[in-house]
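Following: one structure in structure tokens, then a few remarks.
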Number of protein chains: 2
Amino acid sequence: MDRHFTEPLRERGVRITPQRAFIWQALASSDDHFTAEELWERVRAVLPGLEISTVYRSLEALAGAGLVVESRVGEGPRIFEARSAPHPHLVCEKCGRISHLDSAAGGRILGALEAESEGFETHELHIFATGVCADCAEGTE
Amino acid sequence: MDRHFTEPLRERGVRITPQRAFIWQALASSDDHFTAEELWERVRAVLPGLEISTVYRSLEALAGAGLVVESRVGEGPRIFEARSAPHPHLVCEKCGRISHLDSAAGGRILGALEAESEGFETHELHIFATGVCADCAEGTE
DNA sequence: GTGATTGCAAAAGGTTTGCAGGGAC
DNA sequence: GTCCCTGCAAACCTTTTGCAATCAC
């Protein structure tokens, strides 16, 4: 395992185990988001004995350390991703694809929100829109 | 049952049953949001035999008709509320209370989002922030 | 009268927990 | 060496589903 991936865990006081390191690697080396089950499948490729309960417990540890954030997108399942600046998620109702807006957009929205919500100290901002993505709109109209 | 509550169902082609009417009444007469279980408890006060599965099926019918929207707030459970203009939810990590910003704020944020997400046709916008509300911040600092 | 909806009960699905052995520090 | 973490299996909880009787239209 590359130190590049274990270092963040050490820094944050997360005990390093192969399970956690590979789960973190899967998350940190992609700007995508994954369900617990997707992570399980991916990491089992390198750690065949991995249990789904360990995935959940590792995600809890990583989230507690602030490395991972959990979201829910509409009626969909829990998804996990490496923490980054807040960015809106766009969920296509037709193809199910989830795309991200860049975090500049998230920052502007966060600014607008904070201006509106005086007295509330925002830690985490979650934004998602459901609708129809450009590709699917083309296809059907 | 007051026609005031049955009329929206009729208009939208939702077959009117006591179960649906009372569930809709509970939602429509509050600007709060409820879990399925909370609705169940409330409506059982007037319909003692009500089953939780009926609550879910009724909510599905009401949501399908556009009268109700479902949200998820962070790691919390599914919540349902009467449809209104999009409005950000602020979830306090300390006391768990969920407050709303007014929909003008939601509208402004929606405007900002649409400007950023060209090609994506937004149907539904969900925004929530987790953090610490003014009351809790006072208490602990 | 016909088809949708309900209550009931059972199933499903995702997530959590208890425990004993093994691993990180 | 100590305490934490993992695998395993079972439990849990919310949500969904099948079915026959009932109700809305």
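- Under 4.0 angstrom from either OP1 or OP2 of C/dG18 there lies no side-chain N or O belonging to A/Arg57.
- Panel note: side chain A/Trp40, backbone A/Leu50; a donor-acceptor pair is recorded below 3.5 Å.
- Contact between B/Arg12 and B/Ala65 at its shortest, heavy atoms only, is NH1-O, 3.0 Å.
- If you take CZ of A/Phe80 and P of C/dG14, they are 13 Å apart, rounded to a whole angstrom.
- Regarding B/Arg10, its CZ atom lies at a distance of 11 Å from the C1' atom of D/dA24, rounded to whole Å.
- In this structure, A/Ser53 reaches the bases: a heavy-atom distance under 4.0 Å links it to at least one base atom across the strands shown.
- No engagement by A/Ile52 is indicated, since no non-hydrogen atom pair under 4.0 Å with the nucleic acid exists.
- The distance from atom CG of B/Leu47 to atom P of C/dG7 is 8 Å, rounded to the nearest whole Å.
- Considering only side-chain N and O atoms, B/Arg20 lies under 4.0 angstrom from the phosphate OP1 or OP2 of C/dT5.
- For the pair B/Ile16 and B/Glu60, nearest-nucleotide mapping onto DNA chain D gives the more 5' position to B/Glu60.
- Rounding to whole angstrom units, CZ of residue A/Arg72 and P of D/dT14 are separated by 12 Å.
- Within the structure, a side-chain polar atom (N or O) of B/Thr17 is placed less than 4.0 Å from OP1 or OP2 of C/dT6.
- Counting to the nearest Å, the C1' atom of C/dA9 and the CG atom of B/Leu50 are 16 Å from each other.
- Residue A/Thr54 has a polar side-chain atom (N or O) positioned under 4.0 Å from OP1 or OP2 of D/dG7.
- In this structure a side-chain-to-backbone donor-acceptor pair under 3.5 Å is missing from A/Arg78 to A/Glu70.
- Residue B/Arg78 has a polar side-chain atom (N or O) positioned under 4.0 Å from OP1 or OP2 of D/dT16.
- Nearest-nucleotide mapping onto DNA chain D: of A/Gly49 and B/Glu37, the residue sitting toward the 5' end is A/Gly49.
- The separation between B/Ile23 atom CD1 and C/dT5 atom C1' is 12 Å, rounded to whole Å.
- The side chain of B/Arg15 lies closest to C/dT5 when the candidates are C/dT5, C/dG7, D/dG7.
- Regarding contacts with the backbone of D/dC23, every side-chain N or O of B/Gln19 stays at 4.0 angstrom or more from both OP1 and OP2.
- One interatomic measurement links the two molecules: CG of A/Leu62 to P of D/dC4, which rounds to 18 Å at whole-angstrom precision.
- When rounded to the nearest whole Å, the span between CD of B/Glu51 and C1' of D/dA21 equals 15 Å.
- At distances below 3.5 Å, not a single donor-acceptor pair connects side-chain atoms of B/Arg72 with backbone N or O atoms of A/Arg72.
- Taking CD from B/Glu81 and OG from B/Ser71, the interatomic distance works out to 5.0 Å, rounded to the nearest 0.5 Å.
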